[in-house]
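Since the structure comes first, as structure tokens, the remarks are kept for the end.
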Protein chains: 2
Amino acid sequence: MSMHEARSPKPTLELVAERAGVSRATVSRVVNGSERVKPAARRAVELAIRELNYVPNRAARSLAQGRTNSVALVVPENTAKFFADPYFAKVVQGVARYLAGTEFMLTLLLSTEADPAKTTRYLQGGNVDGALVLSHHADDRSYADLGNVLPMVYGGRTMSTDQKDIYVVDIDNIAAAKQATEVVIGQGRTKLATIAGPQDMGAGLDRLVGFKQAVQNAGLEPVAIEIGDFTPASGRRIMRQLLDANLAVDGLFAASAQMGFGALQALAEAGVKVPEDISVTSVDDDSFARSSTPPLTTIAQNPERQGEIMAELLIKRINGEQVPEWSIMDTKLVLRASH
Amino acid sequence: MSMHEARSPKPTLELVAERAGVSRATVSRVVNGSERVKPAARRAVELAIRELNYVPNRAARSLAQGRTNSVALVVPENTAKFFADPYFAKVVQGVARYLAGTEFMLTLLLSTEADPAKTTRYLQGGNVDGALVLSHHADDRSYADLGNVLPMVYGGRTMSTDQKDIYVVDIDNIAAAKQATEVVIGQGRTKLATIAGPQDMGAGLDRLVGFKQAVQNAGLEPVAIEIGDFTPASGRRIMRQLLDANLAVDGLFAASAQMGFGALQALAEAGVKVPEDISVTSVDDDSFARSSTPPLTTIAQNPERQGEIMAELLIKRINGEQVPEWSIMDTKLVLRASH
DNA sequence: CTGAAAGCGCTTACAG
DNA sequence: CTGAAAGCGCTTACAG
């Protein structure tokens with residue numbers, strides 16, 4: 001198209017109907033893939049659409065249908081943390097991939113960004129047909145109530161066990177942490193510590209439980225239990241403290257690979273040999289797990305697949321289909337050099 | 001609200017009007033902040049809105065206004081790269097912050113995700129009122145044509161210098177690279193190499209030009225010019241090659257902090273001392289610049305502010321205001337330990 | 001299989 | 001300052 005060519009008016013369904021010599025209803029039907037259209041009519045409409053370069057107006061369609069064809073992904077974390085955590089990237093990727101095969105658009109809501117009330121208002125305001133929520137903290141109770149108004153699916157279990165009708169896609173965090181800890185114990189280590197995750201989140205809580213179970217099953221006592229926030233910085237800081245405290249820790253379970261990565265940094269800085277002096281394992285198989293020195297022995301989950309499943313369940317719920325409340329995904333142990 | 005309470009129908013503007021005892025037009029006026037409403041009427045409407053918990057329907061509003069109140073941020077990179085690069089995170093943050101003070105929503109379009117045609121269709125389809133484009137490559141020519149249909153603002157200059165009516169927010173990449181290189185030269189280094197950025201992007205191209213200028217001004221010849229892709233991995237790989245080639249390089253300018261970080265890793269692995277054996281500088285003051293060993297001497301830009309400005313310009317253009325085509329932002333030299 | 005018509009929830013000249 | 005009314009571009013029973 002030349003830059004000087006007069007810009008033609010944006011083609012509407014009506015224009016398509018005229019050109020194809022059918023009614024607007026028929027155009028609408030072919031656009032929406034209805035069966036009840038005679039092949040000849042369908043062809044005429046399809047041709048007109050191509051010739052006019054017609055694209056349906058989303059707002060008009062939403063208004064008429066009473067649905068927006070978009071869903072929100074709400075992440076109650078700030079932008080910095082959101083971008084720094086490979087887990088989120090993978091989930092977004094999975095969600096995006098699933099949605100690409102549907103008519104739905106994704107709106108990303110980093111909810112601490114503005115006031116949380118704005119997010120809630122947005123979700124209530126009929127701007128989306130459903131919501132995916134990630135990284136749910138105990139105090140994000142506001143979202144729970146939205147479940148009555150809007151189909152929602154959680155990535156990772158919520159803290160309120162009382163609530164019914166909540167849909168979650170998760171791994172068995174207790175089992176994962178237990179397995180990772182058992183690897184350390186299997187190396188004959190007895191002075192075990194953990195850098196646990198936030199205790200206001202299911203994953204943080206459950207991975208600590210798993211650690212404790214493994215330690216107890218081995219007839220041992222934890223030497224130290226410290227709470228981090230899943231970031232490398234917290235892992236490094238806490239490991240440094242552990243070192244300073246002189247507890248002779250010879251085995252560490254970090255509740256996230258990011259924290260494991262940070263811990264490994266602190267260990268290297270202190271000249272402690274891994275795994276000779278201390279055996280360390282974690283959960284998550286991301287770039288941190290793979291690029292740490294040494295690479296982390298860890299429990300791999302599949303956040304991209306998790307994103308896909310979350311999106312799939314949400315769309316099904318929006319379409320009124322029945323889906324299971326709990327979807328528990330497999331994990332697998334990845335043995336590398338840190339244990 | 002009890003979970004058993006009957007769910008009241010979603011309040012509409014009409015309901016608000018009834019309850020407030022005014023016409024729908026009046027409600028619309030107060031919702032849209034029109035001046036021409038008597039205080040008493042305004043109060044009645046505001047009360048009704050609060051009581052009903054009314055939130056305007058976005059689709060209806062869009063349809064009536066002929067605008068969507070949303071803008072797209074298109075990033076022609078894959079999800080992995082998008083999340084890995086702190087630059088994008090910052091720009092998004094800036095865009096989001098500016099938009100938070102407006103009625104506009106942000107839709108993120110990672111355009112290599114699906115077929116690029118889908119992105120173009122989406123942008124053409126009247127789904128957004130304008131678009132921000134980041135990380136524009138030479139072959140993303142498709143977007144250029146969209147400029148005739150949709151207000152657009154670029155982060156970083158485009159490659160097509162012929163095009164008119166394109167709006168960009170950028171730094172002076174030539175000057176930045178020149179300054180960073182001059183720091184190295186100022187250390188008395190004479191065997192200079194650069195790890196340049198992609199040569200299909202303005203930033204990659206211009207920073208190489210700046211490097212060459214500085215070298216030439218000093219009466220020197222570059223010892224090596226290698227092209228990376230702005231990632232740490234490429235920096236590391238290329239530095240390794242440079243080392244293997246035995247060129248006795250004693251000064252390096254990396255066109256991004258991420259590549260500088262990677263180069264520093266390779267140097268450390270090879271046991272080369274920085275800055276004793278080789279002086280290195282870069283552009284970008286991000287987490288890579290700060291956390292490398294040693295921390296990078298670098299040219300700081302302000303991507304968050306860039307995002308804000310981009311958003312501001314776009315909204316102004318959408319509103320028909322006149323804005324400058326070129327916005328060049330300041331940079332500043334940050335001296336740390338690598339030079 | 002197809003069309004006429006009502007309706008989705010807003011906004012906005014227009015008239016007063 | 002305010003309201004009646006038309007219109008935004010679709011979809012969807014309903015009737016045929």
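Per chain, numbering begins at 1; letters A, B, ... match sequence-line order.
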Just so I know, are the side chains of A:F104 and A:I315 near enough to count as touching, which here means a heavy-atom distance under 4.5 Å?
yes
Which residue pairs pass the side-chain hydrogen bond (donor to acceptor under 3.5 Å, both in side chains) test when at least one of the two sits in residues 317-327 of chain A, sequence neighbours left out?
A:R67-A:N319
Which atom pairs, donor and acceptor, lie under 3.5 Å between side-chain atoms of residues 35-52 of chain A and protein residues at least two apart or in another chain?
unit_1: A:R42; atom_1: NH2; unit_2: A:S34; atom_2: O; d: 3.1
unit_1: A:E51; atom_1: OE1; unit_2: A:R19; atom_2: NE; d: 2.5
unit_1: A:E51; atom_1: OE1; unit_2: A:R19; atom_2: NH2; d: 3.0

I'd like to check B:L99 versus B:T102 (side-chain heavy atoms, cut-off strictly below 4.5 Å). Are they in contact?
yes
The side-chain contact (heavy atoms from CB on, under 4.5 Å) partners of B:S70 (sequence neighbours excluded) come to B:R58, B:T68, B:M105, B:V128
Under 4.5 Å between any side-chain heavy atoms of B:L132 and B:V74, yes or no?
no
Donor-acceptor list for residues 302-311 of chain B side chains, cut-off 3.5 Å, not counting sequence neighbours:
unit_1: B:N302; atom_1: OD1; unit_2: B:R305; atom_2: N; d: 3.1
unit_1: B:E304; atom_1: OE2; unit_2: B:R97; atom_2: NH2; d: 2.3
unit_1: B:R305; atom_1: NH1; unit_2: B:E308; atom_2: OE1; d: 2.6
unit_1: B:Q306; atom_1: OE1; unit_2: B:Y87; atom_2: OH; d: 2.7
unit_1: B:Q306; atom_1: NE2; unit_2: B:Y87; atom_2: OH; d: 3.4
unit_1: B:Q306; atom_1: NE2; unit_2: B:V169; atom_2: O; d: 2.9
unit_1: B:E308; atom_1: OE2; unit_2: B:R97; atom_2: NH1; d: 2.6

Can you sort out which residues in residues 59-71 of chain B have a heavy atom within less than 4.0 Å of DNA chain D? Ascending by number, please.
B:L63, B:A64
Identify, between B:P39 and A:V55, the residue whose nearest nucleotide on DNA chain D lies closer to the 5' end.
B:P39
Give DNA chain C the dot-bracket treatment, 5' to 3': Watson-Crick (N1-N3 with N6-O4 or O6-N4) or G-U (N1-O2, O6-N3) under 3.5 Å, [ ] crossing, | other strand.
|||.||||||||.|||
In residues 43-51 of chain A, what residues come within less than 4.0 Å of DNA chain C, judged by heavy atoms?
none
Just jot down the ring-ring contact (aromatic ring centres under 6.0 Å, His included) partners of A:F83, sequence neighbours excluded, or say none.
B:F82, B:F83
Heavy-atom side-chain contact between B:T26 and B:S23 under 4.5 Å
yes
Quick one: side-chain contact (heavy atoms from CB on, under 4.5 Å) partners of A:R24, sequence neighbours excluded?
A:L13, A:E14, A:A17
By the definition side chain to side chain contact (heavy atoms under 4.5 Å, CB included), identify the one residue from A:V95, A:L150, A:L314 that meets it with A:V71.
A:L314
So the contacted stretch of DNA chain D, first to last nucleotide with an atom under 4.0 Å from a non-hydrogen atom of chain A, runs from D:dG9 to D:dA13
Could you tell me whether the side chain of B:D85 and the main chain of B:K81 form a donor-acceptor pair under 3.5 Å?
no
Nearest 0.5 Å, please: how far is CG in A:N57 from OG in B:S62?
8.5 Å
Do B:L146 and B:T120 make a side-chain contact, defined as non-hydrogen atoms from C-beta onward lying under 4.5 Å apart?
yes
Nucleic acid contacts of residues 20-32 of chain A, taken as heavy-atom distances under 4.0 Å to DNA chain D:
A:R24, A:A25, A:S28, A:R29, A:N32
Can you name the residues that form a side-chain hydrogen bond (donor to acceptor under 3.5 Å, both in side chains) with A:K316, not counting sequence neighbours?
A:E312
